[in-house]
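In what follows, a structure is listed as structure tokens, so that the remarks can point back to it.
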Amino acid sequence: MNALKNKRILIIGFVWPEPKSSAAGSRMMQLIAFFKENGGKITFASTALQSEFSEELYEVDRKQITLNCTSFDEFVSELQPDLVLFDRFMTEEQFGWRVAEHCPNALRMLDSEDLHCLREARRLTVLKNKPFNLNNDLAKREIASIYRCDVTLMVSEFEIELLQSHFKVPSFILFYLPIWVGNERLNLRNFEERSDFMFIGNFLHAPNHDAVVYLKEKIWPLLFTKFPEAKMHIYGAYPTQKIKSLHEPKLNFYVHGRADSSFEVISKARVLLAPIRFGAGIKGKLLEAMQFGTPSVTTSIGAEGMKGEMEWNGCITDSPHDFAEKAIELYQNKSFWMQAQQNGFEIIKHRFSKDLFVDLFLEMLIDKMEQLKKYREDNFIGSMLMHHFLQSTKYMAKWIEVKNKI
């Protein structure tokens with residue numbers, strides 16, 4: 001299929017993709033693969049430096065770009081992309097006005113990853129004991145960015161509903177596109193071949209950091225007291241010193257750091273524990289757990305936007321005591337475990353299978369490109385925000401650029 005053949009696609013990345021480090025990296029690689037499969041000519045640009053864990057981007061042009069610099073204007077003017085994908089709203093803030101000025105006919109698409117203002121509101125409530133306030137300063141930036149773009153990709157139906165009901169964002173500038181799972185069949189271990197509890201997640205992501213600290217301090221003492229044979233294995237990229245300090249072999253609590261293969265560590269565990277207390281979007285670790293046949297115990301926020309009306313592949317609870325009880329029961333009860341595993345397979349099949357989304361995604365892109373003028377006329381608020389944003393940000397950026405030359 002070559003529906004996007006000869007279409008020039010510019011992706012402005014918040015970071016260079018690291019699919020072995022985070023769900024965000026996996027998500028980006030899925031989008032890149034989709035564009036390649038449909039004939040697009042892709043350029044990936046970022047202000048970030050590549051790391052040793054950055055993915056090799058085959059058949060993709062790569063460009064290092066600079067903030068507040070006219071070199072980007074020259075680059076994007078010469079490239080003249082048909083579609084520009086902003087990786088998270090911060091990159092749209094930084095480069096959206098430049099794209100609009102130099103490539104006015106390019107479709108501007110935002111990949112939200114998750115709703116940052118929701119995650120921040122929850123973080124402040126949990127860690128700072130502040131009242132829940134969705135109308136925070138981050139929301140003012142993020143929602144404005146969503147309006148300025150022609151379409152925003154959302155990974156969670158819950159967040160789409162929130163944007164429409166709370167912020168009155170029109171449905172035609174939102175598109176539901178979760179992380180999807182392919183149709184490949186995996187050779188999975190059975191109940192008897194698996195052992196131990198585990199957690200995996202990038203520790204640069206605050207909800208993951210908090211979840212592991214909370215697990216060690218509040219849940220593991222309850223679980224380990226009742227089930228002293230239990231072992232907990234923590235994996236994840238970029239562990240902080242705080243996370244490393246949680247390593248305590250005498251309590252069977254092991255911090256391993258980065259995993260070479262998420263499949264290997266998740267598929268050999270019997271139960272994944274993810275006590276996510278704040279966050280947004282959908283959780284890549286829980287999606288992989290379903291895919292790899294590993295039941296999980298998580299919180300209501302952890303499971304948010306994932307199961308729909310279906311049964312979870314394990315247990316959902318927000319009580320530390322109940323969390324420990326359910327984890328032990330799921331670990332020891334084979335019939336319960338097998339039913340939970342099957343629930344996960346069903347969620348994958350009916351809610352996250354790649355075949356459910358790729359054709360609709362392609363149809364949406366073609367429709368938006370062909371009727372871009374009409375869609376922009378219908379989004380007056382977005383046009384108004386872009387007009388004022390372009391004026392204010394343009395001259396601020398030019399002032400910074402001049403200042404940097406002094």
Side-chain angles (χ1 to χ4, degrees), residues 22-24 112-136 138-139 142 155-156 158-159 162 166 197-224 230 232-248 251 253 255 266 269 271-290 294-307 312-328 330:
S22 69
S112 64
E113 297 290 351
D114 61 20
L115 201 55
H116 293 68
C117 61
L118 175 61
R119 172 163 30 109
E120 178 65 4
R122 288 170 168 170
R123 184 188 72 84
L124 293 174
T125 298
V126 170
L127 299 185
K128 304 296 184 180
N129 200 30
K130 292 187 176 182
F132 180 78
N133 176 25
L134 195 54
N135 297 334
N136 51 49
L138 201 60
E142 186 170 26
V155 300
S156 168
F158 172 83
E159 292 176 9
L162 190 66
H166 186 83
F197 296 98
M198 65 87 60
F199 173 94
I200 188 168
N202 188 320
F203 291 110
L204 294 179
H205 191 55
N208 290 334
H209 192 282
D210 174 76
V212 171
V213 174
Y214 182 70
L215 175 64
K216 174 64 183 300
E217 296 179 351
K218 301 296 184 181
I219 296 173
W220 191 250
L222 299 171
L223 194 157
F224 188 68
M232 185 71 212
H233 299 280
I234 306 296
Y235 297 91
Y238 306 108
T240 64
Q241 190 55 48
K242 172 64 176 178
I243 294 298
K244 292 176 182 177
S245 72
L246 301 178
H247 181 76
E248 195 167 2
L251 295 181
F253 199 96
V255 177
I266 295 175
V271 177
L272 182 143
L273 303 182
I276 307 293
R277 297 200 296 165
F278 61 91
I282 58 174
K283 315 306 179 289
K285 65 183 69 60
L286 294 171
L287 192 60
E288 285 188 321
M290 295 181 202
T294 306
S296 63
V297 184
T298 190
T299 59
S300 54
I301 287 179
E304 183 179 86
M306 297 191 70
K307 71 182 184 69
W312 186 249
N313 74 319
C315 304
I316 301 171
T317 175
D318 296 314
S319 159
H321 184 271
D322 194 41
F323 198 105
E325 293 278 355
K326 295 295 186 183
I328 294 171
L330 187 57

query = Taking side chain as C-beta onward, heavy atoms only, is Trp220 less than 4.5 Å from Leu246?
reply = no

Q. Where the side chain of Lys218 meets the backbone of Pro320, is there a donor-acceptor pair that is under 3.5 Å apart?
A. no

One should read off an interatomic distance between Leu124 CG and Phe132 CZ, to the nearest 0.5 angstrom, of 10.0 Å

For Leu286 and Ala274 the tightest heavy-atom approach is CD2-CB, 4.0 Å

Interatomic distance, CE@Met290 vs CG@Asn313, rounded to 0.5 Å, equals 4.5 Å

**Prompt:** Is there a side-chain contact between Ser296 and Trp312 (heavy atoms, below 4.5 Å)?
**Reply:** yes

Distance col, row Phe197:CZ vs Leu273:CG, nearest 0.5 angstrom, shows 5.5 Å

When every non-hydrogen atom of Asp318 is compared with those of Tyr214, the smallest separation belongs to O-OH, 4.5 Å

Glu288 with Lys285: basic N within carboxylate O range, under 4.0 Å: no

Closest heavy-atom pair, Phe199 versus Ala211, reported as atoms and distance to 0.1 Å, is CE1-CB, 4.2 Å

*Give a yes or no answer on whether the side chain of His247 reaches the backbone of Val255 with a donor-acceptor pair at less than 3.5 Å.*
yes

Non-hydrogen side-chain atoms of Ile276 and Asp210 separated by less than 4.5 Å: no

### Message
Under a 3.5 Å cutoff, is there a donor and acceptor pairing between the side chains of Thr240 and His209?
### Response
yes

Shortest non-hydrogen pair, Leu222 vs Ala324, comes out as CB-CB, 3.9 Å

Candidate pair Val155 and Ser112, rule side-chain contact (heavy atoms from CB on, under 4.5 Å), full reasoning: CA-CA 8 Å; Val155 300; Ser112 64; 5.5 Å; no

CG (Leu118) and CD1 (Ile301) are apart, to the nearest 0.5 Å, by 7.5 Å

CD (Glu325) and CG (Leu223) are apart, to the nearest 0.5 Å, by 9.0 Å

Side chain to side chain donor-acceptor pair (under 3.5 Å) filter on His166, not counting sequence neighbours, yields Asn135

Q.
One pair to check against salt bridge (Lys or Arg N to Asp or Glu O under 4.0 Å): Arg119 and Glu142. What are the steps and the verdict?
A. CA-CA 12 Å; Arg119 172 163 30 109; Glu142 186 170 26; over 6 Å; no

All heavy atoms of Leu272 vs all of Ala289, minimum pair found to be CD1-CB, 4.1 Å

With a 3.5 Å distance limit and no angle check, can you tell me whether Lys283 reaches the backbone of Gly281 through a side-chain donor-acceptor pair? yes

Exercise for the section: With side-chain contact (heavy atoms from CB on, under 4.5 Å) as the test, would you mind laying out the steps for Asn208 and Ile200 before giving the verdict? Expected result: CA-CA 8 Å; Asn208 290 334; Ile200 188 168; over 6 Å; no

Original post:
Quick one: are Arg122 and Arg277 in side-chain contact, heavy atoms under 4.5 Å?
Top reply: no

Rounding to 0.5 Å, atoms OH (Tyr238) and CG (Leu204) come to a distance of 6.5 Å

Applying side chain to side chain donor-acceptor pair (under 3.5 Å) to Lys307 and not counting sequence neighbours gives none

Nearest heavy-atom contact between Val297 and Ala327 is CG2-CA, 3.8 Å

Does any part of the side chain of Phe278, heavy atoms only, come nearer than 4.5 Å to the side chain of Thr125, both counted from C-beta? no

Query raised in the report: Taking the side chain as C-beta and beyond, is there a heavy-atom pair between Leu215 and Met232 under 4.5 Å?
Result: yes

- Message: Quick one, Phe253 and Ile234 - any side-chain contact, counting heavy atoms below 4.5 Å?
- Response: yes

**Item:** More than 12 heavy atoms of other groups within 6.0 Å of Lys326 NZ
**Value:** no

- Can Ser156 and Asp114 be counted as having a side-chain donor-acceptor contact under 3.5 angstrom? no

